[in-house]
Peer 1: 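Have a look at this one before I ask anything.
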Amino acid sequence: MSRKEITGSGVSPGIAIGKAVVQETRPIPALRIPLAADKIDEEIARFHRAVEAVVSRIKRNQARAEKTLGHEYAAIFEAHRLIAQDPAISSPVEEIIRSEHVNAEWALEQVVANVVARFENLGDLYFADRRLDFLDVATQILRMLQGQDIDRLNDLKEPVVLVADELPPSLAVQLPLDKILGFALEMGGPSSHTTIIARSFGIPTAVGLHNACHEAMESQLVALDAFEGKIIFDPDTAEIHAYESKRRNYHEQQAQLLHVRDLPAVTRDGRKLRLLANVDLPVEVDLANRWNVDGIGLHRSEFLYMKMSPALPSEMDHLRFYRDLVQRMAPRPVTIRTFDLGGKKLAHDIIGNPETNPVLGLRGIRLCLSKPDFFRTQLRALLRLAGEQPEGRVRIMIPLVSGIEEFRITRLFVQQTTAELRAEGFEVPEHVPLGAMVEVPSAAMMATELAQEADFLSIGTNDLIQYTLAVDRANELVANLYQPSHPAILRLIRQVILAGAAEGIDVAMCGETASDPLMVPLLVGLGLTNFSMNPQAVPVVRHLIRHLSYRESAHIAREALKMTTARAVEEYLLERLAVLFAKIKIRI
Ligand code: PEP
Ligand code: MG
């Protein structure tokens with residue numbers, strides 16, 4: 001064993017020391033491998049072992065789902081078990097291996113292509129669903145054959161550092177996060193959704209660790225320094241001690257922030273701000289409550305779809321889930337964003353054919369409006385919930401609005417759904433706040449008009465930066481170009497804040513920039529009053545705000561707006577704030 005390290009960039013702070021679990025998740029294309037005649041029986045046996053392993057995994061998941069989600073949901077697993085054991089898969093796979101002398105992966109892919117084509121010819125909605133189930137099971141068998149048994153992560157016996165090539169959010173939410181000490185990823189970016197989940201759960205994470213999966217060995221001891229963005233394989237004793245002490249210091253610093261928990265987020269010169277939580281998974285409500293937030297500024301409802309995948313949530317699933325969220329946050333308001341599937345958050349194959357450029361494709365409100373039945377199911381639940389709760393407590397937010405028309409159509413849809421519910425005897429209040437996310441540059445440029453129609457706005461910098469600067473938020477190769485302090489971004493943010501103020505509506509920010517200590521003084525100075533962020537970031541931002549002066553922040557913002565490059569803005573902020581950060585122990 002030898003000491004080795006790889007450096008990428010740290011995206012969720014902290015230190016993790018532990019055994020590595022190495023998991024490649026990117027699908028491996030099945031290659032056609034010719035086999036010698038005497039290897040055929042062995043290959044068929046290997047295929048059956050993979051099927052059996054998938055079947056026993058499905059049974060275990062079924063038992064778990066029965067306990068946690070109820071019988072109805074567990075029934076999906078029963079259907080999957082039947083598919084996995086269906087001779088309609090195993091017989092033709094065996095037949096191809098035998099007749100063509102090829103490997104099981106290749107044979108399985110041929111069978112899958114055939115079956116999928118047959119389903120497509122049937123064209124019915126029922127068969128479209130069966131096709132999804134079939135594909136799901138076939139993929140599980142293929143992964144098992146390729147040694148990519150991702151589900152094994154559900155059975156972790158001890159906490160580990162997960163080393164992976166790529167970790168899509170749909171996989172991240174399925175993981176037992178309490179068993180994850182850290183994520184060491186080859187791919188990812190500072191505001192990719194998996195990074196956001198990691199930050200919320202306080203899981204140290206580094207991305208851009210090229211070749212980490214290749215270098216790491218299963219069960220090898222690693223130290224992940226997510227401040228510096230590096231992973232060390234087989235660290236020596238002195239290094240382990242140094243990292244342990246760094247970790248202790250960090251935790252002590254965090255603990256010291258407890259004293260600000262119940263203090264108001266008010267600047268030294270009396271400007272009162274609101275700190276809200278971004279909540280993706282229900283357990284984060286406890287974190288939000290621990291840090292005494294003023295409400296939930298963003299619930300990414302697509303996580304319900306990811307959690308339930310491959311099943312789609314029913315109206316009652318939605319209702320129960322959101323009701324629980326709202327009750328646990330009461331009496332504070334909860335902003336629930338309608339599903340923003342698509343892009344990199346494709347939990348369920350709602351769309352059908354994969355898009356060549358999904359981030360510019362059918363995601364957010366576009367997908368909602370193109371699938372009115374899915375959208376209606378969610379809206380009905382949200383409006384019913386609003387009827388159960390005191391007025392204003394449930395707020396509905398629309399993702400990826402790119403212009404006024406989309407917002408108007410959505411409002412109309414909400415009105416129609418309200419009328420439909422009332423006709424069925426449900427109570428729906430006259431006014432359920434309907435807001436728009438401003439995360440597409442065109443929406444930011446139309447902020448004045450949007451502010452006249454929306455009840456509130458929320459700036460989604462994660463996408464706004466991605467789309468304005470044409471930089472994939474999850475691609476570490478262009479991470480240096482992903483610049484929250486870019487003058488174009490600052491101008492758009494200012495424009496939205498001013499538009500909201502002119503119309504007298506709330507403007508919040510719910511992108512990661514809202515919790516970036518370097519950017520917070522600038523945002524305060526630009527007049528932002530509602531900051532929504534992952535709950536773990538709340539104490540630092542509260543602590544910082546209490547040491548800022550609004551007047552000085554406004555000056556900082558005015559100066560920053562005169563600058564022409566992101567670098568100049570950043571250097572100016574660092575210079576202006578260095579003394580303050582050192583004094584109040586905030587690390588950038
Ligand atoms: C954003 O784009 O800033 C945002 C909050 O939405 P998401 O991160 O879910 O895309
Ligand atoms: Mg977004």
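Atoms within each ligand, like the ligands themselves, are counted from 1 in listed order. For this chain, numbers begin at 1 and follow the sequence in order.
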Peer 1: Centroid-to-centroid, Tyr305 to His318, below 6.0 Å?
Peer 2: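 Tyr305 vs His318: aromatic centres under 6.0 Å.
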Peer 1: For Asp463, counting its heavy atoms only, list the atoms of ligand 1 lying under 4.0 Å from any of them.
Peer 2: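 Checking each atom against Asp463, I get 1 (C), 2 (O), 3 (O), 10 (O).
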Peer 1: Can you check which of Arg473, Glu512, Met533 brings a heavy atom nearest to atom 8 (O) of ligand 1?
Peer 2: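 Among Arg473, Glu512, Met533, the closest heavy atom to atom 8 (O) of ligand 1 comes from Arg473.
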Peer 1: Between Asn289 (side chain only) and Asp286 (backbone N and O only), is there a donor and an acceptor less than 3.5 Å apart?
Peer 2: no
Peer 1: At a non-hydrogen distance cut-off of under 4.0 Å, which region of Gln466 contacts ligand 1 (side chain, backbone, both, or neither)?
Peer 2: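 Neither; no heavy atom under 4.0 Å.
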Peer 1: Output yes when a side-chain donor or acceptor of Gln466 lies under 3.5 Å from a complementary backbone atom of Arg473, and no otherwise.
Peer 2: yes
Peer 1: Is the backbone of Val478 close enough, under 3.5 Å, to the side chain of Asp472 for a donor and an acceptor to pair up by distance?
Peer 2: no
Peer 1: Number the atoms of ligand 1 from 1 as they appear, then name those within less than 4.0 Å of a heavy atom of Arg363, with their elements.
Peer 2: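 What qualifies from ligand 1 is 10 (O).
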Peer 1: Got a sec: is Glu439 within less than 2.8 Å of the Mg ion (ligand 2) via an N/O/S atom?
Peer 2: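 True for Glu439.
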Peer 1: Using a cut-off of 6.0 Å, state whether more than 12 heavy atoms not belonging to Arg274 lie near its atom CZ.
Peer 2: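 Not more than 12 within 6.0 Å, no.
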Peer 1: At under 4.0 Å between heavy atoms, is it the side chain or the backbone of Asn278 that contacts ligand 1, or both, or neither?
Peer 2: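 None of Asn278 does.
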Peer 1: Has Met509 got any heavy atom lying under 4.0 angstrom from an atom of ligand 1?
Peer 2: no
Peer 1: Compute the ring centroids of Tyr250 and Phe227, then answer whether they are less than 6.0 Å apart.
Peer 2: yes
Peer 1: Could you check whether Asp280 pairs with Arg337 (Lys NZ or Arg NE/NH1/NH2 to Asp/Glu carboxylate O, under 4.0 Å)?
Peer 2: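 No, this pair does not count.
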Peer 1: At a 4.0 Å threshold, what atoms of ligand 1 neighbour a non-hydrogen atom of Leu298?
Peer 2: 5 (C)
Peer 1: Using the ring centroid of each side chain, check whether His547 and Phe581 are separated by less than 6.0 Å.
Peer 2: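 No; Phe581 has its ring centre 6.0 Å or more from that of His547.
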Peer 1: Please determine if Asn462 has a nitrogen or oxygen closer than 3.5 Å to a nitrogen or oxygen of ligand 1.
Peer 2: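 Yes, since at least one N or O of Asn462 sits under 3.5 Å from an N or O of ligand 1.
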Peer 1: List ligand 1 atoms under 4.0 Å from Cys510, heavy atoms only on the residue side.
Peer 2: 5 (C)
Peer 1: What N, O or S atom of Asp463 is found closest to the Mg ion (ligand 2)?
Peer 2: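 Of all N, O or S atoms belonging to Asp463, OD2 is the one nearest the Mg ion (ligand 2).
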